Every structure is written in structure tokens, then in C-alpha cells.
Amino acid sequence: MNGKKTIGILGGMGPLATADLFEKITLLTKAETDRDHIRVYIDSNTNIPDRTAAILNGGADPVPEMADALKHLEQCGADCVIMPCNTAHYFLPRLQAMTKLPFLSILTAAAEACARQFPGRTVGILATRGTLAAGLYQQALAVQGVEYLVPDEAEQDALMRVIYDGVKAGRGPEVYGPVFRAVTEGMAARGAEVFLLGCTELPMAAAGAGLTAPTVDPTAELAKAAIRFCGFSVRTDKD
């Protein structure tokens, strides 16, 4: 695959979400041998402070540790950078100013997928309080002309428990599944027709909880965008 580009994953936010992104890049790349796959550099920097705490509560600035991981990816020779953390994209303008490498946005990839796959339908945004408070997906969906619905206060609290006390804590769907389903059922009753899994822990939570409503997985959409950027083909159901 001479002349093909490489991917740098600025990860660790969290480690399981980083592994999920790498797995999706591998599974979604059209390839018949090992050598048909993309070269991927991963810095799973678990020292990066919590992004939601930084946005909402004046917590430690995550950018210095993110910049350290970015430097390592540059030194490895990555041609683009992707981050398996939706909330971290709040800090993307600062990071992009530090490098000539292009960042591919999970927000843009997911919003474009919502518009393309579910035209005219209302998207329920499932995300951390930090992502919601910063309006990250509200803005991205508005650019694409997509109607959206955000969780109410109680639903936001419930989602934070699913993310932090469930998936990030390594607990199974028997712990967070009923809570997650209650959130989606409540939002569906208010008009949500499809759910945007806007935290990189939520695709795993949705699978574990047996969510049957239509969804958009930003991690998968980011993986597809990176595959195409690098000059490779995305595997389809026909392959």
C-alpha cells in the first residue's frame, strides 16, 4: 500500500473507547491480508484529566497531556489525528493550533451521518454533561440542518451514571442497562426518532443494553472518515 497515509489515535479517554476505535478501523477497512490494512499509531494517554470536569467545574486542563500525546504521534509519523472522545473536541481548536497535522472531527463525521442516513428525522443526543453544555453536537447537527432533542436534567444525570459508573468503571449491562433504556424510552416519548451515541462509551453501552432504536455511532463514523482520508476503502455489507 505504498503512498497510503497513516492514522494517529490520541487516546486514553478512556482506554476502552480507544480500543473500540482501533477495532472499528480494522473491521471497517476493506482488506484481504494484513498488509492491506492501515498503519495506526496509538497513544493511549490515561493521564489526560477528565474533560467534562474541566469544562463544567474548572477542573485540571487536559490540553497539556493531550499535547504530549500529539507530540508523540507527530514523531511516529502520523498523517492525521483522531480522538475517540466526543467531549475532548471542545479543546480541538487549541490542539489544532499546535500542529500541522489535520484532525478529523468525530462531531462532523457523526452529524453528516445523521443527515445522510436519517433525513428529516429528529435525533436524540446522548452525551456527557460537558458535551451537552458546550453545545458540541447541537452546533454540528444544526450545520447539517438536522433537528435534535437533548436529554433533560434527570436524563443527563442518568447518562453520566451509565458512562462513569457503568462502562468506564468496567461494570456490565446488568448495572447500567435499565438506566440507559429508561433514558432512551423517555426521549423517544418526547419525539426522538434516532439516537446519536455522542460519548465513546455509549456504543458499547447500547450494545450491552440491547438498545433496539436506530442509532448513529460516532466512533464508527470517525473510523470510516479516517479510512477514507488515508486512501483506503470502507468495507460494506456486500464485501
Side-chain angles (χ1 to χ4, degrees), residues 9-28 42-57 59-60 62 65-66 69 82-90 106-107 110 123-134 136-137 149-189 192 194-223:
I9 298 179
L10 202 169
M13 306 176 282
L16 189 57
T18 302
D20 184 47
L21 175 58
F22 178 57
E23 180 180 46
K24 284 170 178 168
I25 290 170
T26 304
L27 293 175
L28 289 168
I42 302 173
D43 190 330
S44 186
N45 184 359
T46 55
N47 292 321
I48 298 173
D50 187 83
R51 283 68 58 202
T52 293
I55 294 170
L56 297 182
N57 305 317
E65 286 292 344
M66 294 165 77
I82 54 178
M83 294 191 295
C85 176
N86 294 268
T87 313
H89 283 65
Y90 176 82
I106 196 171
L107 307 175
V123 173
I125 305 173
L126 306 178
T128 65
R129 279 191 171 276
T131 297
L132 292 167
L136 299 181
Y137 269 116
L149 181 72
V150 298
D152 63 25
E153 286 296 316
E155 290 164 346
Q156 290 185 36
D157 286 340
L159 285 171
M160 293 296 282
R161 293 197 302 273
V162 170
I163 294 164
Y164 284 88
D165 301 334
V167 180
K168 282 184 179 291
R171 296 186 173 92
E174 69 280 0
V175 173
Y176 60 76
V179 177
F180 192 31
R181 289 191 294 272
V183 170
T184 57
E185 289 167 4
M187 292 181 69
V194 56
F195 290 97
L196 195 161
L197 304 174
C199 171
T200 42
E201 274 72 33
L202 290 180
M204 292 169 280
L211 186 65
T212 58
T215 60
V216 170
D217 177 354
T219 304
E221 298 306 324
L222 179 61

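Source: prediction; values computed, not measured.
- Each side chain to side chain donor-acceptor pair (under 3.5 Å) pair with one or both residues in residues 12-24, not counting sequence neighbours, appears once here: Asp20-Lys24, Lys24-Asp217.
- Residues Asp43 and Leu10 are not in side-chain contact: their nearest non-hydrogen atoms beyond the backbone lie 4.5 Å or more apart.
- For the pair Val162/Val175, no side-chain contact is recorded, criterion being any heavy-atom separation below 4.5 Å from C-beta on.
- The salt bridge (charged side-chain N to carboxylate O under 4.0 Å, His left out) pairs that include a residue from residues 197-216 are Lys168-Glu201, where partners are two or more places apart or lie in different chains.
- Arg181 places a side-chain N or O within donor-acceptor distance of the main-chain N or O of Ala209, the cut-off being under 3.5 Å.
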List the steps and the verdict of side chain to side chain contact (heavy atoms under 4.5 Å, CB included) for Tyr164 and Thr52. CA-CA 11 Å; Tyr164 284 88; Thr52 293; 3.9 Å; yes

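- The two residues Ile48 and Gly11 come nearest to each other via the heavy atoms CD1-O, 3.7 Å.
- When all heavy atoms of Ala158 and Val183 are compared, the closest pair comes out as CB-CG2, 3.6 Å.
- One N or O on the side chain of Thr26 and one on the backbone of Phe22 form a donor-acceptor pair closer than 3.5 Å.
- Each of Leu126, Leu56, Ile125 was scored for a side-chain contact (heavy atoms from CB on, under 4.5 Å) with Leu132, with one residue passing: Ile125.
- From Met187, atom CE reaches atom CZ of Phe195 across 5.5 Å, with rounding to the nearest 0.5 Å.
- For the pair Asn57 (side chain) and Gly59 (backbone), a donor-acceptor distance under 3.5 Å is absent.
- A donor-acceptor pair under 3.5 Å is formed between the side chain of His89 and the backbone N or O of Ile106.
- Counting only heavy atoms from C-beta outward, the side chains of Pro62 and Asp50 never approach each other to under 4.5 Å.
- Residues Ala223 and Ile25 come closest through the heavy atom pair CB-CG1, 3.8 Å.
- Within the 4.5 Å cutoff, side-chain heavy atoms of Leu159 are placed close to those of Phe180.
- A donor-acceptor pair under 3.5 Å links the side-chain atoms of Arg171 to the main chain of Asp165, judged by distance alone.
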Under the side chain to side chain contact (heavy atoms under 4.5 Å, CB included) rule, what do Ile163 and Leu202 come out as? Steps first, then yes or no, please. CA-CA 7 Å; Ile163 294 164; Leu202 290 180; 3.9 Å; yes

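- Atom CG in Leu136 sits 5.5 Å away from atom CG in Leu107 (nearest 0.5 Å).
- The minimum heavy-atom distance between Ala60 and Ala54, with the atom names listed, is O-CB, 3.5 Å.
- Taking every heavy atom of both residues into account, Ala110 and Val216 meet most closely at O-CG1, 4.0 Å.
- Using modelled atom types, no side-chain atom of Asn45 and backbone atom of Met66 make a donor-acceptor pair closer than 3.5 Å.
- Under a 3.5 Å cut-off, the side chain of Glu185 and the backbone N or O of Ala182 do not form any donor-acceptor pair.
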Let's go through Asn86 and Thr200 carefully: what are the C-alpha distance in whole Å and the side-chain angles of both, what is the deciding distance for side chain to side chain contact (heavy atoms under 4.5 Å, CB included) to 0.1 Å, and is it a yes or a no? CA-CA 7 Å; Asn86 294 268; Thr200 42; 3.7 Å; yes

Leu222/Met83 under side chain to side chain contact (heavy atoms under 4.5 Å, CB included): CA gap, chis, key distance, verdict: CA-CA 9 Å; Leu222 179 61; Met83 294 191 295; 5.9 Å; no

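- Residues Gly198 and Tyr137 share a closest heavy-atom pair of CA-CE1, 3.7 Å.
- Each of Cys85, Pro203, Cys199 was checked for a side-chain contact (heavy atoms from CB on, under 4.5 Å) with Thr219, and the lone residue meeting it is Pro203.
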